[in-house]
Amino acid sequence: QTSLAIIKTMSDEKDSSIDVSSSGASLVLPIRAGEVKKGAYAFLKGFPCKVIDISTSKTGKHGHAKANMVGIDIFTGQKKQDISPCSHTMYQPVVTKTDWTVTDIDDEGFVTLMDDNGESRSDLRLPTNEFVLDPELGDKIEAAFNDDKEVVVTVQAAPENAKASENTEVIVSMNIM
């Protein structure tokens with residue numbers, strides 16, 4: 001369930017709309033391109049990325065200093081690059097990470113997970129070899145679980161793009177306890 005909040009700003013007296021989750025929290029936050037820092041999250045070419053490099057050019061004859069950003073897509077691990085005038089508004093995803101204990105893995109690769117409060121879920125699949133940051137992560141999780149080890153995975157949640165009305169969740173890392 002999502003709702004739409006109308007926000008009135010004194011500076012431009014125009015209505016802006018921001019998608020919010022069912023909890024009322026915004027999934028994206030506005031940020032000026034010139035304020036994006038290395039290590040921050042931002043949408044680059046429409047994909048949620050962790051910025052790994054940023055450089056700014058001086059003001060040219062056409063007026064705007066430009067921010068040249070390189071980031072890693074937080075869902076696929078692919079490298080993305082974007083250039084934006086420093087004064088323009090970009091959006092950054094609100095990214096959350098939670099730890100879950102693996103309690104079961106079914107034949108189709110769906111993982112049953114349990115949090116510290118005893119809540120469980122079975123709606124996520126093991127990562128596939130298309131996950132560039134660690135193509136063997138799914139195999140490592142399954143091997144450790146089959147060896148009767150206690151496996152804790154980190155689930156990262158973020159909107160898939162700046163217009164998304166709900167978060168996409170993926171398993172991004174594991175620890176053996």
Side-chain angles (χ1 to χ4, degrees), residues 1-5 17-31 36-53 69-82 90-177:
Q1 292 283 353
T2 59
S3 60
L4 203 58
S17 63
I18 297 174
D19 279 327
V20 293
S21 67
S22 57
S23 67
S26 177
L27 300 177
V28 296
L29 299 172
I31 187 170
V36 175
K37 303 286 183 236
K38 189 174 177 177
Y41 295 104
F43 285 101
L44 304 182
K45 297 284 187 208
F47 297 94
C49 297
K50 184 167 189 170
V51 177
I52 58 170
D53 188 36
M69 294 163 273
V70 178
I72 302 292
D73 186 310
I74 61 174
F75 294 129
T76 65
Q78 295 174 331
K79 194 180 266 191
K80 305 285 182 191
Q81 182 174 2
D82 205 351
M90 297 181 67
Y91 291 94
Q92 60 186 127
V94 175
V95 179
T96 58
K97 293 182 180 184
T98 51
D99 289 338
W100 297 78
T101 302
V102 177
T103 59
D104 191 31
I105 301 173
D106 73 13
D107 296 339
E108 296 176 15
F110 280 95
V111 187
T112 302
L113 304 171
M114 185 183 308
D115 67 7
D116 293 338
N117 300 327
E119 300 288 323
S120 65
R121 62 185 292 183
S122 302
D123 58 338
L124 293 177
R125 283 185 186 263
L126 285 172
T128 64
N129 59 3
E130 295 169 12
F131 183 62
V132 178
L133 294 177
D134 187 353
E136 298 167 2
L137 180 61
D139 295 336
K140 291 177 193 173
I141 293 169
E142 193 164 19
F145 180 77
N146 289 337
D147 287 345
D148 291 326
K149 295 190 166 91
E150 184 180 346
V151 181
V152 175
V153 295
T154 301
V155 175
Q156 182 169 267
E160 206 169 319
N161 57 52
K163 302 268 188 247
S165 59
E166 59 186 40
N167 279 333
T168 299
E169 296 180 306
V170 293
I171 296 171
V172 293
S173 66
M174 69 171 274
N175 286 314
I176 298 172
M177 303 316 248

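Just so we're clear, the structure is a prediction, and the values are computed from it rather than from any experiment.
A pairwise comparison of heavy atoms in F43 and Q92 identifies CE1-C, 4.0 Å as the closest pair. In this structure, V172 and I74 approach most closely via the heavy-atom pair CG1-O, 4.3 Å. When all heavy atoms of P159 and L27 are compared, the closest pair comes out as CG-O, 3.3 Å. Pairing each heavy atom of E169 with each of V155, the nearest pair is CB-CG1, 3.9 Å. Of all heavy-atom pairs between A144 and I176, the closest is CB-CD1, 3.8 Å. Pairing each heavy atom of L137 with each of P127, the nearest pair is CD2-CG, 3.7 Å.
Rounding to the nearest 0.5 Å gives a distance of 5.0 Å between SG of C49 and CG of D73. The line from CG of N146 to CD1 of I141 is 12.0 Å long, rounded to the nearest 0.5 Å. One distance of note links OG1 of T168 with CZ of F75; it measures 4.5 Å at 0.5 Å rounding. To the nearest 0.5 Å, atom OG of residue S122 and atom CG of residue L113 are 7.5 Å apart. Atom CD1 of residue I52 and atom CE of residue M69 lie 13.0 Å apart, to the nearest 0.5 angstrom. Rounding to the nearest 0.5 Å places CD of Q156 at 10.0 Å from OG1 of T98.
Taking a 6.0 Å sphere around CD of E136, one finds it holds 12 or fewer heavy atoms contributed by other residues, nucleotides or ligands. Under a cut-off of 6.0 angstrom, the local environment of OH in Y91 is sparse, with at most 12 non-hydrogen atoms contributed by other residues, nucleotides or ligands.
Side-chain contact between D134 and K140 is present, with heavy atoms from C-beta onward closer than 4.5 Å. Looking at heavy atoms from C-beta onward, L124 lies out of side-chain contact with W100 at the 4.5 angstrom threshold. Side-chain contact between F47 and Q78: absent, with no pair of heavy atoms (C-beta onward) separated by less than 4.5 Å.
No side-chain donor-acceptor contact under 3.5 Å links T112 to the backbone of T103. The backbone N or O of E108 sits less than 3.5 Å from a side-chain atom of D106, completing a donor-acceptor pair. Counting only distance, with no hydrogens or angles, the side chain of D82 and the backbone of K45 share a donor-acceptor pair below 3.5 Å. Panel note: side chain N161, backbone K163; a donor-acceptor pair is recorded below 3.5 Å.
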